[in-house]
Q: 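Attaching a single structure in structure tokens format; questions to follow.
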There are 2 protein chains.
Amino acid sequence: MLTPSLVQEITQLHADFCSALADSTRLLLLYALAERPRTVSELADELRLPQPTISRHLKILRERSLVVATRQGMSVEYALADERIVDALDLLRSIMRDRIQYQARLVAQP
Amino acid sequence: MLTPSLVQEITQLHADFCSALADSTRLLLLYALAERPRTVSELADELRLPQPTISRHLKILRERSLVVATRQGMSVEYALADERIVDALDLLRSIMRDRIQYQARLVAQP
DNA sequence: TTTGCATATACGCCTATCCGAATAAGGTTC
DNA sequence: GAACCTTATTCGGATAGGCGTATATGCAAA
């Protein structure tokens, strides 16, 4: 049953997390930060994207508490706010992989 | 390291799943279907949304293999394609809950 | 085959979001 | 405090995605 409180929580889940995950650049940022914290310019170098683009995406991730920022001297270091975020993404990836395998098996059927 | 194949996979993860999850109506549909399969009109009743709206969202979920459709007499029954989809969403929900608790604790600090 | 129910699609409009380019803001170093 | 480095923001234009309404399609029962 979709109780009002569940509806409310799912609405917030969308507003906070899911809509933030709906951009491939932001997914790449999260995976890059899953390895280790990085500064803005490091991220811009690694993703080969303009620095303003990176900053804009980091702002969205920061506002929704997916990443945290700490100043380190002249630069700002970003890190994942919760390691489990990539766990959730990895779970989706394995679902996706299994689906592809299943579809490939269907095609291979005589 | 963001290897080309990882970048490729994440790009597809976004295109297939994450962008499909970036709508609160679709999240509600997935949670409704997590309980039990339902027909289009049942879903429209439960979410109190127009039938074309439900059909449009179901099409998106179906195209990305998040749900599967089977005809049952005069109506069409939809079901989750993989139960783990809601597991991933539930993981995100618990991250969200923990974050809220953490922030509440910060505010409560003297 | 005609009628009717359930679902799917088309169209037009509106809003949200992304990007590139330019510029501002915040710290650090000298 | 002036110059510099890093990061953040703003602006305009382009695009994608959502919704309501109307309508089409697909089965099924008679």
Side-chain angles (χ1 to χ4, degrees), chain A residues 7 10-30 32-33 36-81, chain B residues 7 10-30 32-33 36-81:
Chain A
V7 172
I10 293 174
T11 302
Q12 188 173 0
L13 176 64
H14 163 255
D16 285 2
F17 285 176
C18 290
S19 68
L21 299 177
D23 182 283
S24 51
T25 298
R26 289 197 288 269
L27 293 181
L28 290 171
L29 285 172
L30 292 174
L33 295 178
R36 57 177 175 78
R38 282 165 215 255
T39 67
V40 176
S41 44
E42 283 172 347
L43 291 166
D45 286 349
E46 180 151 5
L47 272 66
R48 294 166 204 263
L49 288 173
Q51 172 268 320
T53 297
I54 300 294
S55 272
R56 266 189 314 238
H57 284 300
L58 286 173
K59 179 183 186 179
I60 293 173
L61 294 173
R62 178 166 28 91
E63 286 172 344
R64 311 202 174 157
S65 298
L66 289 165
V67 303
V68 293
T70 56
R71 181 163 276 279
Q72 303 283 351
M74 250 189 320
S75 49
V76 176
E77 191 176 80
Y78 280 83
L80 275 193
Chain B
V7 171
I10 292 175
T11 302
Q12 189 173 359
L13 176 65
H14 162 255
D16 286 1
F17 285 176
C18 290
S19 68
L21 298 177
D23 180 283
S24 49
T25 299
R26 290 198 287 270
L27 293 182
L28 290 171
L29 285 172
L30 292 174
L33 294 178
R36 57 177 174 79
R38 284 166 213 254
T39 67
V40 177
S41 44
E42 283 172 347
L43 290 166
D45 285 350
E46 180 152 4
L47 273 66
R48 293 165 205 267
L49 288 173
Q51 173 267 318
T53 298
I54 300 294
S55 272
R56 267 189 312 242
H57 284 300
L58 286 173
K59 178 183 187 177
I60 293 174
L61 294 174
R62 178 167 28 92
E63 285 172 346
R64 309 196 176 164
S65 298
L66 289 164
V67 303
V68 293
T70 56
R71 180 163 277 278
Q72 302 285 351
M74 252 193 316
S75 49
V76 175
E77 191 177 81
Y78 280 83
L80 274 192

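Quick caveat, the model's predicted, so the values are computed rather than measured. Per chain, numbering begins at 1; letters A, B, ... match sequence-line order.
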Q: What distance separates A/Leu33 CG from A/Leu80 CG, expressed to the nearest 0.5 Å?
A: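 Separation between the atoms: 5.5 Å.
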
Q: So do B/Val67 and B/Leu29 actually touch side chain to side chain, heavy atoms under 4.5 Å?
A: no

Q: With sequence neighbours excluded, tell me which residues meet side-chain hydrogen bond (donor to acceptor under 3.5 Å, both in side chains) with A/Ser55.
A: A/Gln51

Q: Using the rule given for salt bridge (Lys or Arg N to Asp or Glu O under 4.0 Å), can you reason through B/Arg38 versus B/Glu46, listing the C-alpha separation, both sets of side-chain angles and the distance that settles it, and then say yes or no?
A: CA-CA 10 Å; B/Arg38 284 166 213 254; B/Glu46 180 152 4; 2.3 Å; yes

Q: Atom CG of B/Leu61 and atom P of D/dG17: how far apart are they, to the nearest Å?
A: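 About 14 Å, once rounded to whole Å.
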
Q: Specify the angle, to 10°, made by the local axes at the two ends of the helix from C/dT1-D/dA30 to C/dC30-D/dG1 when five pairs are taken at each end.
A: 30°

Q: Does A/Ser41 place a side-chain N or O at less than 4.0 Å from the phosphate oxygens OP1/OP2 of D/dC5?
A: no

Q: Using nucleotides 13-17 of chain C, report all nitrogen or oxygen pairs with the protein that are shorter than 3.5 Å.
A:
none

Q: For residues A/Val7 and B/Leu28, determine if any side-chain heavy atom of one lies less than 4.5 Å from a side-chain heavy atom of the other.
A: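 Yes, side chains in contact.
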
Q: In whole angstrom, give the distance that lies between atom CG of B/Asp45 and atom C1' of C/dA6.
A: 12 Å

Q: Can you tell me how far CG of B/Leu43 sits from CD of B/Glu77, rounded to the nearest 0.5 angstrom?
A: 9.5 Å

Q: Does D/dG17 have OP1 or OP2 under 4.0 Å away from a side-chain N or O of B/His57?
A: no

Q: Counting N and O atoms only, with roles assigned by atom type, does the side chain of B/Arg56 sit under 3.5 Å from a partner on the main chain of B/Leu58, one being a donor and the other an acceptor?
A: no

Q: For a 4.5 angstrom cut-off between non-hydrogen side-chain atoms, does B/Val76 reach B/Thr39?
A: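 Side-chain contact under 4.5 Å: no.
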
Q: Rounded to the nearest Å, what distance is computed from the CD atom of residue A/Glu42 to the P atom of nucleotide D/dC5?
A: 18 Å

Q: Which residues in residues 49-56 of chain A have a heavy atom closer than 4.0 Å to any atom of DNA chain D?
A: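 Under 4.0 Å from DNA chain D: A/Gln51, A/Pro52, A/Ser55, A/Arg56.
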
Q: Please list, by residue number, the residues of residues 69-81 of chain A whose heavy atoms come closer than 4.0 Å to an atom of DNA chain C; answer none if no residue qualifies.
A: A/Arg71, A/Gly73, A/Met74

Q: Going by heavy atoms in the side chains, are B/Val40 and B/Tyr78 under 4.5 Å from each other?
A: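 In contact.
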
Q: Can you give the donor-acceptor pairs under 3.5 Å from side chains of residues 13-24 of chain B to other protein atoms, not counting sequence neighbours?
A:
residue	atom	partner	partner atom	Å
B/His14	NE2	A/Ala22	O	3.3
B/Asp16	OD2	A/Arg99	NH2	2.5
B/Asp16	OD2	B/Gln12	NE2	3.3
B/Ser19	OG	B/His14	O	3.2
B/Ser19	OG	B/Ala15	O	3.2
B/Ser19	OG	B/Arg64	NH1	2.6
B/Asp23	OD1	B/Thr25	N	2.9
B/Asp23	OD1	B/Arg26	N	3.2

Q: Are B/Arg36 and B/Glu42 packed together at the side-chain level, in the sense that at least one heavy-atom pair is separated by less than 4.5 angstrom?
A: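 Contact flag for B/Arg36/B/Glu42 side chains = yes.
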
Q: Does A/Lys59 put a side-chain nitrogen or oxygen below 4.0 Å from OP1 or OP2 of D/dT9?
A: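 Result: yes.
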
Q: Hey, does A/Leu43 reach any base, or is it just sugar-phosphate, or nothing, if we go heavy atoms under 4.0 Å?
A: nothing

